[in-house]
Every structure is written in structure tokens, then in C-alpha cells.
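Note sheet for the following structure.
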Amino acid sequence: MCNVLIKGGTVVNADCQRRADVLCVDGLIAAVGDASQWDLPAHTDVVDAGGLYVMPGGIDPHTHMNFPFMGTTTVDDFYSGTAAALAGGTTTIIDFVIPNPQQPLMEAYQQWRGWAEKAAADYSFHVAITWWDESVREDMGQLVQQEGVNSFKHFMAYKNAIMCDDETLMNSFRRCLELGAMPTVHAENGEMVYLLQQEMLKQGITGPEAHPLSRPPEVEGEAANRAITVASIMGVPIYVVHVSCRESAEAIARARGRGQRVYGEVLAGHLVVDDSVYRHPDFAFAAAHVMSPPFRDKSHQAALWHGLQSGQLHTTATDHCTFCASQKAAGQDNFTTIPNGCGGVEERMAVLWDTGVNSGRLTPSEFVAITSANTARLFNIYPRKGAVTPGADADLVLWDPQGSKVLSAATHHSRNDFNIFEGRIVTGVPVYTLSQGVVVWADGALRAREGAGRYIKRPAFGPDFSAAAVWERHRAPQAVQR
Ligand SMILES: NC(=O)NCCC(=O)O
Ligand SMILES: [Zn+2]
Ligand SMILES: [Zn+2]
């Protein structure tokens, strides 16, 4: 491990920002303050952060690397996906273990743990509940108590595949309450989607233009409301992933207004891409945007921004789930067989800075909250992750608010051949990324190391879903002042 002194920057945390130096020793943040007061360890590299913001590395709570889905597997595996994340300032991903129906959860978990060993950045897993019997209930206990899983995902969409019904939702939510684990949902009414898909096909509408028509916003709003109701009755909090429309944003705000613990996630893509992409005459272009929930009419984007600005929506993610043109072509004659998923893990933070901070919607601290700190808090790894503070992991991004770049598949680090942000010029870019105190991205040079990423255990919540203060090595920060 090398030691790094980050000098002359402005440290930005979710609560405040200040000019301060940051010392990283053995992969942890050792001190934040005035370096002239410190006895620096021997062999300390110095990074000049003058004019830069020093922020907690981004945390993306929703990715699918190496994901076998809809008859194929994503082109980004855990190495290429996390390397791309590091190039964009994201230093931790929370991915998903998604058992096939009837597949033992522990078997699927071991499978994904094996795939993730090549990760270049730290990673953790939500585990999906795609079926139910007593063994699932048991395995959930083992995952929480022995494997550091503290969140379980429920797909309310994808009928005849990984969709879970209301009975499974209730059984699993009750188990989450027993274990102190956060239930999360993909909220679309899978029965409605399936029926609308069949109707599109019967009418001979087989192209990607049918994708959003088969999953209108009401279908998401109904499922969000239903999941929130189940959570209320079962007495658990709930986290709604990829909130894409005003209907689900409003369902969350209503529940929160009643004092219910409901949290919402927004994808960077849903904030800037709209449903016109599905009407593009080129199949490959339109199909490249097929993901669920679909990109919506522009009018929904204001509801998502208002949710993030008002604190009714909490985190941002990407749902990075990349399929290249030849894989998407599987649905050439039937839109329901186009593998669902798009990329974004590298572009998320720059897109949010450019559209959020530069527009005045967000302060730098609010940017940190929605790209890192809130996810760390909601999944109980704060302040080990999500804060520039002594004792935390030295996962940092040094941000140049004046820098700019053009987002493109020609220069991105994902293995995908398409970029949903193609051609977008952003102002505000990551200049350095440090992962475990090692500079892995510097001025356009990526030094991601296959296998350097660690599996991050996330402790269960307390009986009242209180979160514990989590440090990586459970040691008090070592003071370095003379
Ligand atoms: N989102 C998407 O279209 N694909 C990944 C699986 C999911 O999150 O629904
Ligand atoms: Zn989903
Ligand atoms: Zn997903």
C-alpha cells in the first residue's frame, strides 16, 4: 500500500464542503485538515488537488455485470464494468445475485461471488428473491448472518421468468423484518406488461417502438403503490429501484408524507434520455435503448429532479446492464425478446454534475449525497463508504468542475458498442480516482487492476432498522497531528 497526500483541494461531503488536505495511509483516510500540521509517513506521494473538489468515490447501487439474462449474458463482466466505473469516479458497485426460480439462493450467491473475483473496484450484492419455499427463508438468514447481505430484491415484472407474486413479496418482506434487511423492488406490474406485450404483437407491432407502449407509467405507478402498501402492512422500509416516472415518484412522496420509510432510486439515463429514442427508424439505435422501465416522455424528468432536490428520492444509479447490437438483434422480429438493459456506469457522475450542479438544481454536497453518501447510509456501509473522513476507506474522486469531455462509445471503457449518452458534452469531470488509497484513474489514464476489488459485507440493520456506524477495520482513526 502506498501513502498519498491530496493537497490543496476542497473536500465535499454530503453535509458540507471546506478547503482541506487529505492523507491516505494503508488504504484508509488517515487525516483531513491542514497537512502542514502533520508528520507525514515516509514515501508519501503528493497529488495536487488545487482547483479540484475532493469527494467520496461514487457508489452505484444498481449494476448487472456478467448477468445471464433473456438468453444471453451482458458484455461487461466484473472487471470491465468496474474498470469503467473507476474511470467515471465510481469506486463501489452494488450488483445483484439473481437466482433462477427453484435455484438455491446459496448456489446462486456462490456463482456470483466467483464471477466477481475479477472486479477492479469494491463490490457488494443485493440478492433477488425469485421464488419461495422454506429453503429460501433459511438461505436469507444465512446470507444476512454469515455473508453480509442486508438487502433483498423483488422483481414485480418479468412474468414467466424472475417475477415474484404478491404472496412471495409478503413472505420475503416478513423475513426481511426478522433479519433487519432492506427489501427492494423493481416496480412494474408484470401481468399488465405481459398482456400489453401480447396485444402489441397481435396488432403486428413488433419493433422497439412497442416497448414503451407495453410498459406505460401507470404500470410502474401501480406496482410501486402495491409494494409500498405491502411494506406498510409488513412493517418494513422499502427501497424502490429505477423510479422512472411521476406516478411512482408521487406514490413514494405520498407514503413518505404519511411517515412511511420509503426510499427511491433514479437512473442517470431516465433524467436525460426520453422515449423518442424508440421511434428512431434504425432498429439497432432504438433497440440499444430497450431497458425496463423504459425511457419516458420528457415531462417525467421534472418529477424525478424534484424528487432528488426535495429529498423524496434519494440515490442515483445506472442499472448498467450492457448488451451489444448483435445481442439486441435477437429481438429483430419481436421486441419482447430484445435483451433489456443499457450502460452508464462510467457516465453517471459526469451526467449528474453537468445536468444537476451546473444547472443549479444541486449543490456539490447534494451531488455527493445522491451519488454516494445516501446509498452508503441506506445500505449500512456509512461512513466506511460515502464520506471523506478519517477511518473511512480511501475511495475518492478528484473532480474538475471546469473540465469537459464528449461522452461516446468511441472512448468509453465499457465493452459495449453503444452509449446512451453518445455525443453529450459535459462540463465537470473526474481527474483522479483513488480506490483503497491507490490512484487508479489519472488524467485519462486508467490503471484498473483485475481482482483488486473486495467483497464488501453490509451489516444487518437493527430491529428498528437503525444503522450502525461502520468502519472497515473497526479501529479508531489514527491521529497524525504532531
Ligand atoms: N433494467 C433492465 O432493463 N435490465 C436489467 C434488469 C432490471 O433491472 O430490470
Ligand atoms: Zn429492474
Ligand atoms: Zn437492474
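Numbers for residues simply follow the sequence, beginning at 1. Start at 1 and go down the list; that is how both ligands and their atoms are numbered.
- The neighbour count for Tyr194 OH, taken as heavy atoms of other residues, nucleotides or ligands under 6.0 Å away, does not exceed 12.
- Short contacts between ligand 1 and His62, defined as distances under 4.0 Å to a heavy atom of the residue, involve ligand atoms 8 (O).
- The Zn ion (ligand 3) has an N, O or S atom of His64 closer than 2.8 Å.
- No more than 12 heavy atoms of other residues, nucleotides or ligands lie within 6.0 Å of CD in Glu167, so this atom counts as exposed by the packing criterion.
- Counting only heavy atoms of the protein, atom 3 (O) of ligand 1 lies nearest to Ser292 N, 2.7 Å.
- Close contacts between ligand 1 and Asp319 involve ligand atoms 1 (N), 2 (C), 5 (C), 7 (C), 8 (O) [criterion: under 4.0 Å to a heavy atom].
- Geometrically, ligand 1 and Lys153 share no nitrogen or oxygen pair separated by less than 3.5 Å.
- Near Met291, with a cut-off below 4.0 Å to any heavy atom, the atoms of ligand 1 are 1 (N), 3 (O).
- Within ligand 1, counting atoms from 1 as listed, the ones closer than 4.0 Å to a heavy atom of His186 are 7 (C), 9 (O).
- Qualifying side chain to side chain contact (heavy atoms under 4.5 Å, CB included) partners for Thr337, counting only residues two or more places apart in sequence or in other chains: Asn334.
- Around the Zn ion (ligand 2), the protein N, O or S atoms closer than 2.8 Å are His186 ND1, His242 NE2, listed by chain and residue number.
- The nearest protein atom to atom 4 (N) of ligand 1, hydrogens excluded, is given as Asn340 O, 3.1 Å; this is a heavy-atom distance.
- Atoms OG1 and NE2, from Thr375 and His62 in turn, are 12.0 Å apart once rounded to the nearest 0.5 Å.
- The ring-ring contact (aromatic ring centres under 6.0 Å, His included) test with Tyr239 is passed by exactly one of Phe379, Phe465, Phe461: Phe379.
- Each of the atoms 5 (C) of ligand 1 lies under 4.0 Å from some heavy atom of Cys321.
- For the side-chain hydrogen bond (donor to acceptor under 3.5 Å, both in side chains) test, no residue two or more places apart in sequence or in another chain qualifies with Ser310.
- Taking the side chain as every heavy atom from C-beta outward, Arg256 and Tyr263 approach each other to under 4.5 Å.
- In terms of the side-chain hydrogen bond (donor to acceptor under 3.5 Å, both in side chains) criterion, residue partners of Asp76 (sequence neighbours excluded) are, by chain and number, Ser80, His320, Thr322, Ser414.
- Atom CD of Glu117 has 12 or fewer heavy atoms from other residues, nucleotides or ligands within 6.0 Å.
- In this comparison of Tyr158, Phe323, Phe155, the heavy atom closest to atom 9 (O) of ligand 1 sits on Tyr158.
- In the displayed structure, Arg415 atom CZ is contacted under 6.0 Å by more than 12 heavy atoms of other residues, nucleotides or ligands.
- With ring centers used as reference points, His242 lies under 6.0 Å from His186.
- Heavy-atom proximity to His64, at under 4.0 Å, picks out these atoms of ligand 1: 5 (C), 6 (C), 7 (C), 8 (O).
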